[in-house]
Amino acid sequence: MITLGEYIVKKQSEYPNATGELTSLLSSIRRAAKVVNREINRAGLVSDIIGGSFGRENAQGEVQQKLDVFANDIFKAALEARGEVCGIASEEEDDFVVFDSHTSANSKYVVLMDPLDGSSNIDVNVSIGTIFSIYRRISEPGGPVTLEDFLQPGINQIAAGYVVYGSSTMLVYTTGNGVHGFTYDPSLGSFGLSHENIRIPEQGQIYSINEGNYIKFPEGVKKYIKFCQEKDDDSKRPYTSRYIGSLVSDFHRNMLKGGIYIYPSGTSAPNGKLRLLYECNPLAFLAEQAGGKATDGFRRIMEIKPTELHQRTPYFVGSIRMVDKAGEFMTQYSSLGTE
Ligand SMILES: O=P(O)(O)OC[C@H]1O[C@](O)(COP(=O)(O)O)[C@@H](O)[C@@H]1O
Ligand SMILES: [Mg+2]
Ligand SMILES: [Mg+2]
């Protein structure tokens with residue numbers, strides 16, 4: 001078994017100019033994932049780290065769970081410790097955080113993260129995740145870190161990935177050279193290569209959307225859901241509806257089996273729920289690297305120029321032919337002004 005650490009180093013050797021900073025940064029994430037995984041495995045045993053609300057709201061007005069805060073602290077500390085990162089932005093931090101140690105201040109990377117994805121599933125033993133996105137800063141190393149360092153379009157990402165804490169724990173990442181998955185082996189305490197060069201099937205039979213919000217959906221989405229539910233032997237419809245309620249877990253399943261995940265805009269959430277910078281862009285990079293697609297119903301997600309740290313966007317991601325089909329319905333009904 002080749003471990004994640006060995007694989008990252010091996011990949012680095014393919015880049016003669018590589019400095020090892022990204023390798024070290026990725027291994028900080030690997031180490032933090034192990035610590036968070038250990039706590040998640042005993043979720044349910046209520047303590048000051050896990051089990052229930054932290055009793056405070058984040059910038060988006062969501063009540064933070066204890067594990068949201070714990071995961072945020074663990075990843076933040078791990079990213080600061082090695083000095084390869086000059087600053088982070090996180091779902092659980094109102095503003096971006098600058099690391100001011102000498103090494104950090106001179107480093108060239110910023111990280112954006114959703115430390116704990118699927119928070120509503122923490123206390124009910126359903127799989128959850130962590131999402132991360134890595135950019136080269138725009139500002140000069142050694143100089144002040146600015147908001148512009150974080151408000152970069154997804155196409156500028158250097159690397160992205162997620163950890164899914166499910167029946168097994170996996171870390172899946174890309175550096176723009178394919179998508180690779182590693183499964184955690186608790187007996188060895190390391191991640192082993194289990195899914196090299198993941199490819200999303202162009203067409204799947206799974207659609208993932210919270211149909212509880214159906215009446216609030218744009219007409220294009222309502223029509224696409226009906227399309228998924230209609231019988232048509234040629235295209236193996238009706239498709240199967242699967243919705244875990246943890247973006248990482250729904251995305252991971254659809255990436256391996258084929259499928260589409262949609263979190264649309266709605267009458268009560270005009271820009272949808274998901275955050276462009278640390279949920280949608282990193283998974284869009286992975287989806288595209290695996291042969292899939294990610295849009296807001298109309299535009300390529302990774303070409304959207306962000307304006308705010310916690311901005312939301314409608315999200316359509318997964319098998320390329322399914323995202324295209326959903327896009328056709330969105331265009332057709334938005335042009336009819338019935339969006
Ligand atoms: O309950 P809803 O409205 O369907 O939302 C579920 C979605 O919200 C999220 O939980 C948002 O992420 P966080 O848990 O990180 O806030 C996604 O993981 C998930 O897909
Ligand atoms: Mg999330
Ligand atoms: Mg979260």
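Below, all heavy atoms of this structure are taken into account, side chains as well, without hydrogens, waters or symmetry copies. What you see is a predicted model, and the numbers here were worked out from it, not measured in a lab. For ligands, and for the atoms within them, numbers begin at 1 and follow the listed sequence.
Interface atoms of ligand 1 facing Leu247, defined by a heavy-atom separation under 4.0 Å, are 17 (C), 18 (O), 19 (C), 20 (O). Close contacts of ligand 1 with Ser119, meaning ligand atoms under 4.0 Å from a residue heavy atom, involve 14 (O). Every atom of ligand 1 with a heavy atom of Ser246 under 4.0 Å away is listed here by number and element: 18 (O), 20 (O). Heavy-atom contacts of Arg275 reach the following atoms of ligand 1: 11 (C), 12 (O), 13 (P), 15 (O), 16 (O) (cutoff under 4.0 Å). The ligand atoms of ligand 1 that sit less than 4.0 angstrom from a heavy atom of Asp114 are 15 (O).
Between Tyr135 and Tyr109, the distance from one ring center to the other does not fall under 6.0 angstrom.
One finds the OH atom of Tyr214 at 9.5 Å from the CD1 atom of Ile209 (value rounded to the nearest 0.5 Å). How far CD of Gln311 is from CD1 of Ile304: 7.5 Å, rounded to the nearest 0.5 Å.
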* To do: Give the C-alpha distance, both sets of side-chain angles, the deciding distance and a yes or no for ring pair (Phe, Tyr, Trp, His ring centres under 6.0 Å) between Phe96 and Phe150.
  => CA-CA 8 Å; Phe96 63 91; Phe150 297 92; 5.0 Å; yes
* Tell me, with the steps shown, if Lys223 and Glu219 meet salt bridge (Lys or Arg N to Asp or Glu O under 4.0 Å). => CA-CA 6 Å; Lys223 291 287 188 272; Glu219 197 59 26; 2.8 Å; yes
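With a 4.0 Å heavy-atom cut-off, ligand 1 is reached by the backbone of Asp117 and by its side chain too.
Aromatic ring orientation, Phe329 versus Phe227: tilted (interplanar angle from 30° to 60°).
Proximity of Gly245 to ligand 1 is established by a heavy-atom distance of less than 4.0 Å. Contact annotation: Glu279 has at least one heavy atom less than 4.0 Å from an atom of ligand 1. Taking a 4.0 Å cut-off on heavy atoms, Asp68 fails to register as neighbouring ligand 1.
Asp68 places a side-chain N or O within 3.5 Å of a backbone atom of Gln65 that can act as its donor or acceptor partner. Listed for the Asp117 side chain is no donor-acceptor partner under 3.5 Å among the backbone atoms of Thr130. With Ser53 contributing its side chain and Gly55 its backbone, the two residues share a donor-acceptor pair below 3.5 Å. Side chain of Arg137 to backbone of Ser107: a donor-acceptor contact under 3.5 angstrom is found.
Between Ser120 and ligand 1, no N or O atom pair is found at a separation short of 3.5 Å. Ligand 1 has no nitrogen or oxygen under 3.5 angstrom from a nitrogen or oxygen of Asp250. Residue-to-ligand polar distances place Leu116 within reach of ligand 1: an N/O pair is separated by less than 3.5 Å. Remark: ligand 1 and Leu274 share no N or O pair separated by less than 3.5 Å (distance only, no angle test).
Rounding to 10°, one obtains 160° for the angle at the Mg ion (ligand 3) between OE1 (Glu91) and O (Leu116). Angle OD2(Asp114) to the Mg ion (ligand 2) to OD1(Asp117): 100° [nearest 10 degrees].
The protein non-hydrogen atom at the shortest distance from atom 6 (C) of ligand 1 is Tyr243 OH, 3.4 Å. Among protein heavy atoms, atom 20 (O) of ligand 1 sits closest to Tyr261 OH, 2.9 Å. Here the protein heavy atom with the shortest distance to atom 5 (O) of ligand 1 is Lys273 NZ, 3.0 Å. Closest protein heavy atom to atom 3 (O) of ligand 1: Tyr263 OH, 2.6 Å.
A salt bridge between Glu62 and Arg275 is present, with a side-chain N of the basic residue lying under 4.0 Å from a carboxylate O of the acidic one. Residues Glu21 and Arg82 are not paired through a salt bridge, judged by the lack of any N-O separation under 4.0 Å between the basic side chain and the carboxylate.
Looking at Glu279 and the Mg ion (ligand 2) together, the shortest N, O or S contact belongs to OE2.
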